[in-house]
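Nothing here was measured: the structure is a model prediction, and the numbers come from that model.
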Amino acid sequence: MDVDQLRKDLVGLHDDLIRWGLVVWTAGNVSARVPGENLFVIKPSGVTYDQLTPESMVVCDLDGQLVDGAFAPSSDTAAHAYVYREMPEVGGVVHTHSTYATAWAARGEPVPCVLTAMADEFGAEIPVGPFALIGNDDIGKGIVATLRGHRSPAVLMQNHGVFTIGKSARAAVKAAVMCEDVARTVHIARQLGEPLPIAQSDIDKLYDRYQNVYGQR
């Protein structure tokens with residue numbers, strides 16, 4: 001997949017963030033690694049979603065430096081770049097401030113794995129990463145430190161919001177959608193009482209089935 005195609009794909013994936021109610025105004029971003037290159041494509045900073053075009057997407061190197069594009073890259077570029085440098089298996093990164101998941105992040109509390117849908121997609125709780133200021137790679141360091149060796153493709157960065165990773169940008173968007181969905185459901189469940197835990201052995205079975213059997217192969 002070349003850079004031009006990734007730019008087109010990212011417009012559609014940013015539309016998905018709007019469609020699923022994960023972002024408002026100019027908040028949030030999606031990026032995609034350029035296969036075979038030390039480059040990634042990311043949303044420009046401060047541009048509203050209805051103004052995004054393939055041409056407005058910017059290309060950066062893995063140090064977060066602008067390589068191609070007419071706009072300044074996202075303020076989260078350094079965090080994305082750090083993830084790509086440290087996790088070569090990652091092909092896409094997403095950031096949102098989706099309401100329910102970010103509410104858990106504001107409390108610094110992981111979302112417990114009490115739903116089969118969580119076991120399927122995340123294989124564990126959705127963990128909390130450390131507080132970090134925007135603008136350098138501290139957020140990226142927190143993402144990597146939290147998710148490395150963890151099944152979850154999503155992390156709740158304390159007092160900030162959601163970051164998700166995936167083998168592709170589309171997979172990272174899916175993780176962001178699912179993160180918000182289960183964060184909302186578990187929040188509602190806790191208003192009614194204490195959610196029932198799922199045994200770790202059953203979480204393992206559910207995760208294996210969903211990752212390796214479910215869907216079209």
Can you tell me how far apart [atom1] ([X]) and [atom2] ([Y]) are? Round to the nearest 0.5 Å.
| X | Y | atom1 | atom2 | value |
| --- | --- | --- | --- | --- |
| C113 | E125 | SG | CD | 8.5 Å |
| D2 | K8 | CG | NZ | 8.0 Å |
| S31 | I165 | OG | CD1 | 11.0 Å |
| S74 | M57 | OG | CE | 11.0 Å |
| H14 | D50 | NE2 | CG | 13.0 Å |
| D204 | I198 | CG | CD1 | 11.5 Å |

State, to 0.1 Å, how close [X] and [Y] come at their nearest heavy-atom pair, and which atoms those are.
| X | Y | value |
| --- | --- | --- |
| G123 | Y207 | CA-CD1, 3.4 Å |
| A101 | L156 | O-CD2, 3.8 Å |
| L10 | A32 | CD2-CB, 4.1 Å |
| P197 | V114 | CA-CG1, 4.3 Å |
| R184 | D181 | NH2-OD1, 3.0 Å |
| A169 | L13 | CB-CD1, 3.6 Å |

Using atom types as modelled and distance alone, determine if a side-chain donor or acceptor of [X] lies under 3.5 Å from a backbone N or O of [Y].
| X | Y | value |
| --- | --- | --- |
| S56 | L52 | no |
| H187 | A183 | no |
| T102 | A105 | no |
| R7 | E55 | no |
| Y49 | A27 | yes |
| D63 | Q65 | no |

Using the side chain to side chain contact (heavy atoms under 4.5 Å, CB included) rule, take V94 and F163 through it: C-alpha gap first, then chi angles, then the decisive distance, then the call.
-> CA-CA 6 Å; V94 172; F163 282 84; over 6 Å; no
Can you find a heavy atom in the side chain of [X] that is under 4.5 Å from one in the side chain of [Y]?
| X | Y | result |
| --- | --- | --- |
| M157 | V128 | no |
| N38 | D61 | no |
| H97 | V23 | no |
| E180 | T99 | yes |
| I126 | V155 | no |
| E121 | K174 | yes |
| Q158 | P130 | no |
| V186 | P112 | yes |

Check the pair R19, D16 against side chain to side chain contact (heavy atoms under 4.5 Å, CB included), reporting the backbone distance first and the verdict last.
-> CA-CA 5 Å; R19 181 161 67 96; D16 283 343; 3.2 Å; yes
Please assess V41 against V58 for the test side chain to side chain contact (heavy atoms under 4.5 Å, CB included), listing each intermediate value before the final yes or no.
-> CA-CA 6 Å; V41 185; V58 297; over 6 Å; no
For the hydrophobic clusters of this structure (ILVMFWY residues joined by side-chain heavy atoms under 4.5 Å, transitively), does one cluster hold both [X] and [Y]?
| X | Y | result |
| --- | --- | --- |
| L66 | V34 | yes |
| W20 | M178 | no |
| V83 | I134 | yes |
| Y100 | V182 | no |
| Y82 | V59 | yes |

Check ring-ring contact (aromatic ring centres under 6.0 Å, His included) between F40 and all other residues, then give those that pass, not counting sequence neighbours.
-> Y84
Looking at [Y] and [X], is any side-chain nitrogen of the basic one under 4.0 Å from a carboxylate oxygen of the acidic one?
| X | Y | result |
| --- | --- | --- |
| K205 | D120 | no |
| D137 | R85 | yes |
| E86 | K141 | no |

Who else is in L133's hydrophobic cluster (ILVMFWY, side-chain heavy atoms under 4.5 Å, direct or via others)?
-> F131
Within 6.0 Å of CD in Q191, more than 12 heavy atoms from elsewhere = yes
Picking from V30, V177, L17, N29, what satisfies side-chain contact (heavy atoms from CB on, under 4.5 Å) with T96?
-> L17
Determine, using ring centers only, whether H80 and H95 are less than 6.0 Å apart.
-> no
Ring-face cation of R151 near F122 (centre distance under 6.0 Å, axis angle within 45°) = no
All side-chain contact (heavy atoms from CB on, under 4.5 Å) counterparts of V24, not counting sequence neighbours = none
